[in-house]
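Structure, as structure tokens:
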Amino acid sequence: MTDATQGSATRNLLVELLVEELPPKSLKKLGDSFAQGIAAGLKRQGLAREDATATPFASPRRLAVHLTCIAAQAPDTSSLKKLMPVAVGLDENGQPTAALLKKLRSLCGDTDPSPFLSQLKRAHDGKTETLFLDSVAKGATLAEGLQAVLDETLEKLPIARMMTYQLADGWNTVNFVRPAHALVALHGKEVVDVSILGLTAGRQTQGHRFEAMVSPLTVKDADSYEHQLQEEGAVIASFSHRRAEVERQLLAAAGEEDLGLTRYDGLLDEVAALVERPRVLMGEFETGFLDVPQECLILTMQANQKYFPLLDAGGQLSHRFLIVSNIRPVDGRTVIAGNERVLRSRLADAKFFFDQDRRKTLASRVEGLQRVVYHNKLGTQAERVERIWAIAQTIGLQLGGNELAARAGEAAMLAKADLLTDMVGEFPELQGIMGRYYAKHDGVAEEVADAIEDHYKPRFAGDELPRNPVGVCVALADKLETLVGLFGIGQIPTGDKDPFALRRHALGVIRILIEKEAPLALNTLLEQTADIFGQKIKGSTETTAETATETLSDFIYERLKHYFSAESIEGQATNFGEPGNEGRLAFSPQQIDAVLALRPQLLNDVKKRLIAVRAFAALPEAESLAATNKRVGNILRKAEVDEGGEIDTVLLQAPAEQALHEALNRIMPEADAAFAAGDYTASLQALAALKVPVDRFFDTVMVNTEDTALRHNRLALLAQMQKTMNRIADISRLAL
């Protein structure tokens, strides 16, 4: 390779690593990381232009990237290296001293330093006149730069578990996610001399294992890679193109039979990572299996076999399903028959589990939970159920009285019983879902059966909430028991580590309280739950439970901040059905901070407070009042004023303080009435009338006068004003 391409002349680059079958759930991430790592590294080396584009390729047997605008050699770079003060490096005759020669010799590899003397420059470094070495570093060749980038990129790939395998020489071993068999590196048409994992770069790769027209396949140049693989190798190299092709075929096949697909995004990603040349085929199974709950059948098809179940026009599971094959036979009947035979065996197992489980009632299984350990510090699942039962009843009493409490208690007692069924033992994802089916089979009331399933909701971001009040009680109880219990024994999430999914549980509590408009005070819920745990979380001191609930309260309010921020679930922090507000962030960070600073205990009240604060912030008086509120807070904090101090009207001497007192007496009844009625917007907007008297007060009245009685009276007046202003939110947090 020559330097002819140095400078503006560039060519495109293709790098491919051919490997054995990669883990499908990691393939897309591995492909993107491989491409981004190489692209970023070459840009840092000066070998790729800043506008160079990287196109990732990832199939079950390859990671590759196509990069545009890659130079054969990076441009030379000049740099000034600080050496030493002129007085140290040069003698009185301007000749180099022994110290300077020694320094130059160390920089040039112990060779004669004389040639470097002409590259010395004198400049002032801000303190003294200093000697600098003006040197030019030769730009790295593409082979040198790509070698370093490949080594770094492979080291940083997001690989959960490495394999150690022996190289072809029979002596050396390397570590990688799967054994690698070939490396392609082409700059235009030329092979780049690099090597990794015991492989030296060439231009040969492999196409489809069974359907490639040419094997091995010789890549002509960097730009022909994708086309050659598809035409000669029968491989769609691009993950996104392959995924789109699978989806196109799925929708077409389902549409031909007027059937619909279940949710398939995650499965589609996984299947696209399992095939290189997809062909969608339709199979079917005996309709008798449809007596088994469709959730079981769908999970069996999706999780075990990677099939796509099909729904009829009514949204019910049909007896047909789609297979994504990695081959395209002329006659697909043999492939379909083989897949149908495998699925029939799986569905027979599911039907057997379902039939066996129904021979025992859920209630009869509850006692068996005593033999299942929940946590070594928190006891068995039976003890956990007792706590959830008590919490659910407490919540039920507050939300609906004795009848709701009784229903919630019944659902809570049965909620974990399906953990001991064969079906849930085989498919843990069905816990709760199977509990509902078995409860209905046992003749349990519909709302109780629904609550057994719903007490796990929301299971994930955007999931639906419990469908009835009984489910709300048990879902809250389950999540509160988990949060208080694990916080109580010190299992608090740190950084990105959250093994018990406590952030998800906290968000679940928040969503239920807000979106189901449950008028329950958060701290009361936490304290009641901690009391039910008793000595389990109190440990050796009586303050452990209290400390745990305080820490948990902070944790939940932090999640609440995210809930109303741009990072929260789509739709929760935006719109709220207001015309013209579509897609716009509803609340600023300052507005959220102002409301949550007061730690409102009724979370179903927070949205109304935020809407009121947003409306207040739009008023022309808002900025001035927020700044004044902040100033008042600082004054009162330094003076350590008792908020309940009485105002003596006789001591209101200055006209401005009299006017402020009169304004407060006039505005407070209006603001109080609106606050009591829940009209927070009107309550806050009434405060706008305080701007003029407040400004005059601070312009003409000295608060910290030497007269003690007068000073205390003025501080009491300010305290009353601050209390009036800060009932809905801490208005000072809006100050810029």
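None of the values given here were measured: they were computed from a predicted structure.
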Is it true that a side-chain atom of [X] and a backbone atom of [Y] form a donor plus acceptor pair closer than 3.5 Å?
{"X": "His187", "Y": "Ile70", "result": "yes"}
{"X": "Thr68", "Y": "Thr53", "result": "yes"}
{"X": "Arg511", "Y": "Ala506", "result": "no"}
{"X": "Glu152", "Y": "Gly41", "result": "no"}
{"X": "His241", "Y": "Ala237", "result": "no"}
{"X": "Asp269", "Y": "Ala272", "result": "no"}
{"X": "Glu464", "Y": "Pro458", "result": "no"}
{"X": "Ser33", "Y": "Lys29", "result": "no"}
{"X": "Glu340", "Y": "Glu284", "result": "yes"}
{"X": "Asp418", "Y": "Gly435", "result": "yes"}

Would you say that [X] contacts [Y] through its side chain, given a criterion of any heavy-atom pair below 4.5 Å between the two side chains?
{"X": "Arg62", "Y": "Leu17", "answer": "no"}
{"X": "Leu259", "Y": "Arg320", "answer": "yes"}
{"X": "Leu274", "Y": "Asn326", "answer": "no"}
{"X": "Val192", "Y": "Leu186", "answer": "no"}
{"X": "Thr334", "Y": "Pro329", "answer": "no"}
{"X": "His181", "Y": "Val19", "answer": "no"}
{"X": "Arg11", "Y": "Glu190", "answer": "yes"}
{"X": "Ile159", "Y": "Phe176", "answer": "yes"}

When you compare the side chains of [X] and [Y], does any donor N or O come within less than 3.5 Å of an acceptor on the partner?
{"X": "Gln302", "Y": "Tyr264", "answer": "no"}
{"X": "Thr205", "Y": "Glu16", "answer": "yes"}
{"X": "His66", "Y": "Glu226", "answer": "no"}
{"X": "Asn339", "Y": "Tyr307", "answer": "yes"}
{"X": "Ser318", "Y": "Asp312", "answer": "no"}
{"X": "Arg346", "Y": "Gln305", "answer": "yes"}
{"X": "Thr173", "Y": "Gln166", "answer": "no"}
{"X": "Arg243", "Y": "Ser240", "answer": "no"}
{"X": "Gln431", "Y": "Thr421", "answer": "no"}
{"X": "His455", "Y": "Lys416", "answer": "yes"}

To the nearest 0.5 Å, how far apart are [atom1] in [X] and [atom2] in [Y]?
{"X": "Phe210", "Y": "Arg328", "atom1": "CZ", "atom2": "CZ", "value": "15.5 Å"}
{"X": "Ser195", "Y": "Leu199", "atom1": "OG", "atom2": "CG", "value": "8.5 Å"}
{"X": "Asp223", "Y": "Leu14", "atom1": "CG", "atom2": "CG", "value": "8.5 Å"}
{"X": "Glu232", "Y": "His227", "atom1": "CD", "atom2": "NE2", "value": "7.5 Å"}
{"X": "Ser565", "Y": "Ile592", "atom1": "OG", "atom2": "CD1", "value": "6.0 Å"}
{"X": "Leu30", "Y": "Phe239", "atom1": "CG", "atom2": "CZ", "value": "11.0 Å"}

Within 45 degrees of the axis of the six-membered ring of Phe555 and under 6.0 Å from its centre: does Arg559 put its NZ or CZ there?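 Here Arg559 passes the 6.0 Å and 45° test against Phe555.
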
Strictly below 4.0 Å, N to O, side chains only: are [X] and [Y] in salt-bridge contact?
{"X": "Lys457", "Y": "Asp454", "value": "yes"}
{"X": "Arg248", "Y": "Glu245", "value": "yes"}
{"X": "Arg178", "Y": "Glu20", "value": "no"}
{"X": "Glu270", "Y": "Lys28", "value": "no"}
{"X": "Arg209", "Y": "Glu21", "value": "yes"}

Open item on the list: Quick check on Lys306: does its NZ atom have over 12 non-hydrogen neighbours (other residues, nucleotides or ligands) under 6.0 Å away?
Closed with: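 It does: Lys306 NZ has more than 12 such atoms within range.
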
CE/Met163: more than 12 non-hydrogen atoms of other groups inside 6.0 Å: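 For Met163, atom CE is crowded (more than 12 foreign heavy atoms under 6.0 Å).
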
Given Leu311 and Gln316, is the side chain to side chain contact (heavy atoms under 4.5 Å, CB included) satisfied, shown in steps? CA-CA 5 Å; Leu311 306 176; Gln316 296 301 305; over 6 Å; no

Which is it for Leu42 and Leu13 under the side chain to side chain contact (heavy atoms under 4.5 Å, CB included) test, yes or no, and what are the steps along the way? CA-CA 11 Å; Leu42 292 178; Leu13 175 72; 3.6 Å; yes

Would you check, one step at a time, whether the test side chain to side chain contact (heavy atoms under 4.5 Å, CB included) holds for Leu552 with Leu502?
-> CA-CA 10 Å; Leu552 176 55; Leu502 298 186; over 6 Å; no

Phe57, Phe34, Tyr225 screened by side chain to side chain contact (heavy atoms under 4.5 Å, CB included) with Val65, the one that passes
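Single side chain to side chain contact (heavy atoms under 4.5 Å, CB included) partner of Val65 among Phe57, Phe34, Tyr225: Phe34.
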
_Ser59 and Glu276: CA distance, side-chain angles, deciding distance, side-chain hydrogen bond (donor to acceptor under 3.5 Å, both in side chains) verdict_ = CA-CA 6 Å; Ser59 81; Glu276 290 188 315; 2.8 Å; yes

Can you name the closest pair of heavy atoms from [X] and [Y] and give their distance?
{"X": "Gln206", "Y": "Pro216", "answer": "NE2-CB, 3.6 Å"}
{"X": "Ala58", "Y": "Arg242", "answer": "O-NH2, 2.6 Å"}
{"X": "Ala185", "Y": "Ala201", "answer": "CB-CB, 3.8 Å"}
{"X": "Val275", "Y": "Pro60", "answer": "O-CD, 3.5 Å"}
{"X": "Ile38", "Y": "Val149", "answer": "CA-CG1, 3.5 Å"}
{"X": "Ala54", "Y": "Ala35", "answer": "CB-O, 4.4 Å"}

When you look at Val174 and Thr164, which way does the side chain to side chain contact (heavy atoms under 4.5 Å, CB included) test go after all the steps? CA-CA 6 Å; Val174 294; Thr164 300; over 6 Å; no

### Task
Just say parallel, tilted or perpendicular for the rings of Phe285 and Phe321, cut-offs at 30° and 60°.
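Correct class here is parallel.
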
